[in-house]
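Following: one structure in structure tokens, then a few remarks.
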Amino acid sequence: MARILITSALPYINGIKHLGNLVGSQLPADLYARYARARGHEVMFICATDEHGTPAEIAAAKAGQPVAEYCAAMHEVQGELARGFGLSFDHFGRSSSARNHALTQHLAARLGAAGLIEEVSEKQVYSHTDGRFLPDRYIEGTCPNCGYERARGDQCEECTKQLDPTDLINPRSAISGATDLEVRETRHLYLRQSKLRDTLDQWIDSQKGWPVLTTSIAKKWLHDGDGLQDRGITRDLDWGVPVQFEGAPWGGMDGKVFYVWFDAPIEYIAATAEWADALGKPDSEWRRWWRMDEGAEDVRYVQFMGKDNVPFHTLSFPATLIGANFDGAEPWKMVDYIKSFNYLNYDGGQFSTSLGRGVFMDQALALLPSDYWRWWLLSHAPENSDSEFTWENFQASVNKDLADVLGNLVSRVTKFCRSKFGEMVPEGGSYGAREQQLIDDLTRGLTSYQNVMDGMMVRRSAQDLRALWVLGNEYLQEAAPWSAFKTDPEQAAAQIRLALNLIRFYAVISQPFIPDASARIMAALRCDDWSWPEDMAQALGVLPAGHVFEVPDVLFAKITDEQRIEWEAQFSGKN
RNA sequence: GGGCCUGUAGCUCAAUUGGUUAGAGCAGAGCGCUCAUAACGCUUUGGUUGGGGGUUCGAGUCCCUCCGGGCCUACCA
């Protein structure tokens, strides 16, 4: 038994996330958390909403709400959707929490004490109409290079030239279209992460077996050009963690907040504190997960995220934690493994919130139970390259894997038993060579499944699980209890007794992928023994002869062609 | 422009890191079964591994080059 700390990248607050966001971090993290718990490990699974930054303020303004109200409401919405998808967070926190305010300020002060904070004066574009400073990407204008009229302040998407906002001709606010822009001088704090470059480089090198995607992105940032650059960690915004606070080692920072990417990862820690608070536990309970000197030395920490999040998790967040321990007084737990994902595309293009293109979490749950989505998304997770959602593929995979291979197996076994023996595990007969072969095959298959699950090989795990389901159909075909019943009912009884236990076994091992269906199987079997199979023969004897069960409803109804066609049209984004 | 990833059967993906005849699932074809959600099982068709060149006893894997797809490039998060 180990202690495993799992965090999923924080979903941003400004709207409902689409399936691509889900499969890139929260869903695989949940798969791993559920599996780790099922294997008997002590798990702390943390997620939260990422609530600061310009987009949150703009989304709130659009919704006509104060930003705090907007975030509180969206947090509830996202939390409800997370529950709908069966995401088993130990705590779903908020980066705007008091805990995160305090911890972010504390860590910033520590970085200041370490000499890793620098005050920098820079010029930023201020919009009078919007009443705010505008990030480069929120300024639009004509590209001086190619004449494209909707170039953004950081880069022209037409000719890909890198730009400064001041390069733009006829600059305007992308939020309001206002042209009363002004360049103002403003002071900000920079994290001097360049000073930690070699430390970070060695730390990355010392990690074993990280995905190429993770290390290559980190290495790029460490060594590209002049190497790792210092980074501004404050912004001129209202909504966020105040930079000026009591005991701050700097002055004159009133009215500024920390940059969202500084406080967001810190929320992993703060959310664990929120967890303790919610349960009335003392601080020591969360600190034993995060402080090496307070019990976290045996914790294994795994992070899940999309590739766009990798630089912050491999560089700036570690720099924050390393810097905060400059004098050895605060050894924070650092990540042990970063599982990163590529993007999921939608039917030949990208998911698009603005165009209404693709399937979003709320829409998905309105169409089908979460297990359908969990299964398809996980079995097609974009681990090695971007992958693609198509309705045709979704229909085919789900119908075949869930309805035919697994659902129908449950159905044929329970219904056969009911018609021949009643809704009770039949007694009599004994297991022979074919049953032993099944046990051997299952043992081998389970070992492989466990290995790939341990290694967080998501697609491969789905394949292995499915292969285990198939073994059940193969066994039934060969054993043919419907034939045996005619000549030797006792043998048929033994075969069905095994098959009913097999179904329970499948419910247990499939639970990380399809928790609701697993729970329905277990309820129908009137069994609450979820113990992970350690010995296959024993696991297939959990339901004794005489145990009463009931035939469940169809586990997975098939997706019809009519439904598929309708959904294709509904989500094409052309309306 | 620079960097990284990627291209394998009609489709979605593997290939133990250079090692025998490139494998699975789906789709297609044939056979079997009749317990089951017209489900299941068995057999089977299908490949110049994007093109070309090179290194090697041996290349899907390494190198060069060309073509295609994608991502990142530090103030969206």
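The sequence lines fix the lettering, A, B, ..., with proteins before strands; numbering per chain opens at 1.
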Sugar-phosphate, base or nothing in reach of A:Val554, heavy atoms under 4.0 Å: base
Please state whether the phosphate of B:C75, meaning OP1 or OP2, lies under 4.0 angstrom from any side-chain nitrogen or oxygen of A:Arg231. yes
Nearest whole angstrom, please: distance from the P of B:C75 to the CG of A:Leu237. 14 Å
Which value, in whole Å, describes the distance between the P atoms of nucleotides B:C5 and B:C64? 12 Å
Considering only side-chain heavy atoms of A:Lys307, which listed nucleotide, B:C75, B:C13, B:G70, is closest? B:G70
Can you tell me how far apart CZ (A:Arg497) and CD (A:Glu490) are? Round to the nearest 0.5 Å. 9.0 Å
Detail all sub-3.5 Å separations between protein N/O atoms and N/O atoms belonging to nucleotides 39-41 of chain B.
unit_1, atom_1, unit_2, atom_2, d
B:A39, OP1, A:Lys558, NZ, 3.2
B:A39, O5', A:Lys558, NZ, 3.2
B:A39, O2', A:Asn408, OD1, 3.2
B:A39, O2', A:Asn408, ND2, 2.3
B:C40, OP1, A:Lys400, NZ, 2.8
B:C40, OP2, A:Lys400, NZ, 3.4
B:C40, O2', A:Arg412, NH1, 3.1
B:C40, O2, A:Gln477, OE1, 3.1

NA contact type, A:Ser379, heavy-atom cut-off 4.0 Å: base, sugar-phosphate, or nothing? nothing
So, taking the atom named OG in A:Ser379 and the one named CZ in A:Arg374, what distance separates them when rounded to the nearest 0.5 Å? 12.0 Å
Would you list the pairs meeting salt bridge (Lys or Arg N to Asp or Glu O under 4.0 Å) in which at least one residue belongs to residues 406-423 of chain A, sequence neighbours left out? none
So if I take every side-chain heavy atom of A:Tyr343 and compare against B:C13, B:C72, B:A77, which nucleotide ends up nearest? B:C72
Consider the side chain of A:Ser411, meaning its heavy atoms from C-beta on, and name the nucleotide among B:C75, B:A36, B:C35 that approaches it most closely. B:A36
Using whole Å, what does the distance between atom C1' of nucleotide B:G25 and atom CZ of A:Phe394 come to? 17 Å
Taking atom types as modelled, is there a side-chain donor on A:Gln395 or A:Asp561 under 3.5 Å from an acceptor on the other? yes
Heavy-atom donor-acceptor pair, A:Gln463 side-chain to B:C13 base, under 3.5 Å: no
Per A:Tyr259 side chain, nearest of listed nucleotides B:U37, B:C11, B:A77: B:A77
P gap between B:G50 and B:U34, integer Å: 46 Å
Considering only the C1' atoms, how many Å lie between B:A14 and B:A74, rounded to the nearest integer? 36 Å
Would you say the ring centers of A:Phe133 and A:Tyr126 fall short of 6.0 Å from each other? yes
Among B:C75, B:A77, B:C26, which is the nearest nucleotide to the side chain of A:Arg466? B:C26
Rounded distance in Å between the C1' positions of B:A24 and B:C63: 31 Å
Between B:U37, B:U34, B:A77, which nucleotide gets closest to the side-chain atoms of A:Trp482? B:U34
A:Gly306 near the nucleic acid: base, sugar-phosphate alone, or nothing, with a heavy-atom cut-off under 4.0 Å? nothing
Using atom P of each nucleotide, how far apart are B:U65 and B:G1 to the nearest Å? 15 Å
Span that lies between the C1' atom of B:G69 and that of B:A29, in whole angstrom: 33 Å
Aromatic contact, A:Trp567 with A:Phe394 (centres under 6.0 Å): no
A:Tyr70 versus A:Trp239, side-chain donor and acceptor atoms under 3.5 Å: no
Under 4.0 Å between any heavy atoms, over every strand shown, what does A:Glu383 touch: base, sugar-phosphate, or nothing? Just pick one. nothing
What integer distance in Å separates A:Ile58:CD1 from B:C75:C1'? 13 Å
Proximal nucleotide (of B:U73, B:G25, B:C75) relative to the A:Trp221 side chain: B:U73
In A:Val410, A:Asp371, A:Val405, A:Asp404, the residue satisfying side chain to side chain contact (heavy atoms under 4.5 Å, CB included) with A:Phe556 is A:Asp371
How long is the line joining CG of A:Leu465 and C1' of B:C13, in whole Å? 17 Å
Select base, sugar-phosphate, or nothing to describe what A:Pro481 touches, counting heavy atoms under 4.0 Å on all strands. nothing
Taking the ring of A:His52 and the ring of A:Tyr259, is the distance between their centroids below 6.0 Å? no
On a whole-Å scale, what distance lies between the C1' atoms belonging to B:G18 and B:A59? 7 Å
Would A:His313 and A:Tyr268 count as a close aromatic pair, with their ring centres under 6.0 Å? yes
What's A:Asp401 touching, base or sugar-phosphate or nothing? Going by heavy atoms closer than 4.0 Å. nothing
Check this one for me: any side-chain N or O of A:Arg460 less than 4.0 Å away from OP1 or OP2 of B:C13? no
Students often mix this up, so state it plainly: with edges at 30° and 60°, are the rings of A:Trp376 and A:His380 parallel, tilted or perpendicular? parallel
Nearest-nucleotide wise, let me know which of A:Asp308 and A:Asp230 is further upstream toward the 5' end of RNA chain B. A:Asp230
Rounded interatomic separation in angstrom, taking CG from A:Leu222 and P from B:C72: 19 Å
Base of B:U56 relative to its sugar, syn (within 90° of 0) or anti? anti
Closest listed nucleotide, where the reference is the side chain of A:Tyr12 and the choices are B:A77, B:C26, B:C13: B:A77
The dot-bracket string of RNA chain B, counting Watson-Crick and G-U wobble pairs with both distances under 3.5 Å, using [ ] for crossing pairs and | for pairs to another strand, is (((((((..((((.....[...)))).(((((.......))))).....(((((..]....))))))))))))....
5' precedence on RNA chain B between A:Ser216 and A:Asp136 (nearest-nucleotide basis): A:Ser216
Cation-pi check, A:Lys307 to A:Tyr343: give yes when NZ or CZ is under 6.0 Å from the six-membered ring centre and within 45° of the ring axis, no otherwise. yes
Expressed as a whole number of angstroms, how long is the span from A:Leu344:CG to B:C13:C1'? 15 Å
Whole-Å distance, A:Leu191 CG to B:C75 P, equals 12 Å
Integer angstrom distance from the P of B:U61 to that of B:G25: 26 Å
I'd like to know whether the aromatic ring centres of A:Trp469 and A:Trp375 sit less than 6.0 Å apart in this structure. yes
Base of B:C75 paired with side chain of A:Glu122 (donor-acceptor, under 3.5 Å): yes
Of all the choices, B:C35, B:A77, B:U12, which nucleotide is nearest to the side chain of A:Phe416 once you look at every atom? B:C35
Whole angstrom value for the distance that separates C1' of B:U12 from CD of A:Gln395: 15 Å
